[in-house]
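See structure below.
Letters A, B, ... are given to chains in the order of the sequence lines, protein chains preceding strands, and every chain is numbered from 1. Heavy-atom basis, side chains included; hydrogens, waters and symmetry copies ignored.
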Amino acid sequence: MAAKGMNLCNVCCLLLYVISAVLAGRDFYQILGVTKSASIRDIKKAYRKLALQLHPDRNQDDPKAQDKFADLGAAYEVLSDEEKRKQYDAYGEDGLKEGHHGSHNDIFSSFFGDFGFMFGGNRQQQDRNIPRGNDIILDLEVTLEEVYSGNFVEVVRNKPIAREAPGKRKCNCRQEMRTTQLGPGRFQMTQEMVCDECPNVKLVNEERTLEVEIEQGVRDEMEYPFIGEGEPHIDGEPGDLRFRIKVLKHPVFERRGDDLYTNVTISLVEALVGFKMEIVHLDGHKVHIERDKVTKPGARMWKKGEGLPNFDNINIRGSLIITFDVEFPQTQLDEQQKEGIRSLLKQGSVQKVYNGLQGY
Amino acid sequence: MGRFNCAGLTCPLSTIILLFSWIFGPSLGSELSFVTCGSVIKLLNIKHNVRLHSHDVRYGSGSGQQSVTGVTAVEDSNSYWSIRGTRDTWCHRGTPIQCGQEIRLTHVNTGRNLHSHFFASPLSSNQEVSAFGDEGEGDHLDEWTVQCGGSVWKREEAVRFRHKATDALLSVTGEQYGRPIHGQREVHAMASPSQHSLWKAMEGIFMKPSENPAGSRDYTHLHTEF
């Protein structure tokens, strides 16, 4: 049974903590799930992942979904801006000079497009009669370094947007058959162009920044869609913009699935007596290789866990497979050196003749 | 909006900042003011107000290759061209295009490159401009030089495209086709510069220069036997 003084102390402490927590505002780092030293890329990555999870359309049973989502938007808005982040780090949420300007919708759509939150149904479930602008499919070239570590590519999308204009315009024009009576029992059918009246629009070019994520382990031909960012349609909806990943060839590493292949040329001496070396990997870290036995040309070494992260589970990595080839000395040997080598290596003459091309 | 009191030094500073944002805010250069490698854009011929366009329709004369035209419509996904380096000079995604740089313009929907050669164009008998190649790879006649004023190709700027092999400039002089591409203008190449050969980058998707992830190195010193 704690002493009465202790209880009071506890209550005071709790009260003080609650007050300071309330006064200090929200912990944006915790909302995004990143450390205080997180890079801008980490922050974007965290936002993108959480935005998909926390969107209210996806959490219709959760009454707090709107608030959680709003918190996420506020956290990203502050931490992704260098100035605001500095102010927040020094003074907390209350220390921020102005209220939040950008609506969360703007932030969300820079990652996913205008109608990005179509989680439940696909676009096909929409009324098929609404005309739609064309989709734009764009090849995005990425380096193997980006596939290994991930990256965000910012692009500026400039496109025409329909804005209200004064007056009316004709829309949904179609041919219709009209029947007119010429006399008793005589009719004539004519084709007529019939249009509806719609509010007038004009197309104005506007632009905004989109954030395309190159996720770790991404594979060739994978697509990242931005809903509504394609070609506009004056009478209907815009099409989509899709980034199709094209992984570029790398001068050192070759990708096969999640595994990486590379080749190393060693000298004849190293092949015979052994060697130590380091290979610089795609993110700069060094892979240590050591041999103390004879290394034959064509020999392979497997380094588990040094391949690419798997796209579906980045904790699983492929392997790095190193194939060695041997460079022979350029200089010719004199008689004395030849004798020396014969006695040193103690290998008899072999001279086996066989068909090497059919695998015998 | 009520009056706001400003004290001492902060007042002129904030008015200067306000002035700057008013000047630079609405201009389209606010995010990215130059054209970069990997960008996919629509090119507008300034004099005739048509956009460079291609489609799966071949010329009925000349080379018989895929035709390149100018269209008046603003929304047409067949007017998108990808800015890429040549086969000899690699161009990194996001790097600004220099004035005088050699590039290829690849038609996004068909994968063919803007191309020219010594064939006569069908309507005006100037030099024919076509779309050639497969999946972005054609030949050396796909190379064009960007001619502009400063050091890089600014989005706001009117530029010219000079065909590297024939020295002719991409132009439109207003001749119109009939069926099946009614109303589309002829695009051809002409020897001398004029108002007809000025183009400007319009709608599109512009790649911003991006920070390379840690560890990216320059490998140009390695094997040269390939």
Q.
Donor-acceptor check, side chain of A/Asp220 to backbone of A/Val247, threshold 3.5 angstrom: yes or no?
A. yes
Q.
Using heavy-atom distances under 4.5 Å, tell me whether A/Phe226 contacts chain B through its side chain, its backbone, both, or neither.
A. neither
Q: Apply the salt bridge (charged side-chain N to carboxylate O under 4.0 Å, His left out) test between A/Lys159 and each candidate in A/Glu231, A/Glu206, A/Glu229; give the one that qualifies.
A: A/Glu229
Q: Check each atom of A/Ile40 against the heavy atoms of chain B and say whether the ones under 4.5 Å are side chain, backbone, both or neither.
A: neither
Q | Region of A/Val142 in contact with chain B, defined by heavy-atom distances below 4.5 Å | A | both
**Q.** Over 12 non-hydrogen atoms of neighbours within 6.0 angstrom of CG in A/Asp325
**A.** yes
**Q.** Cation over ring face, A/Arg317 and A/Tyr148, 6.0 Å, 45°
**A.** yes
Q.
What part of B/Val74 gets within 4.5 angstrom of chain A, counting heavy atoms only: side chain, backbone, both, or neither?
A. both
Q. Does the gap between the ring centers of A/Phe111 and A/Tyr76 come in under 6.0 Å?
A. yes
Q | chain A interface, residue from B/Gly136, B/Ser77, B/Gly94 that has the most non-hydrogen pairs under 4.5 Å | A | B/Ser77
(Q) A quick test of your reading: do over 12 heavy atoms of other residues, nucleotides or ligands sit less than 6.0 Å from NZ of A/Lys303? (A) yes
Q | Toward chain B, the part of A/Leu144 with a non-hydrogen atom under 4.5 Å | A | neither
Q.
Please classify the contact of A/Glu154 with chain B as side chain, backbone, both or neither, using a heavy-atom distance under 4.5 Å.
A. both
(Q) Need one label for A/Leu140: side chain, backbone, both or neither, based on atoms under 4.5 Å from any heavy atom in chain B. (A) side chain
Q: Would you mind telling me which of A/Val156, A/Leu241, A/Leu210 has the largest number of heavy-atom pairs within less than 4.5 Å of chain B?
A: A/Val156
(Q) Quick check: closest heavy atoms across A/Arg208 and A/Ser109, and the distance to 0.1 Å? (A) NH2-OG, 3.0 Å
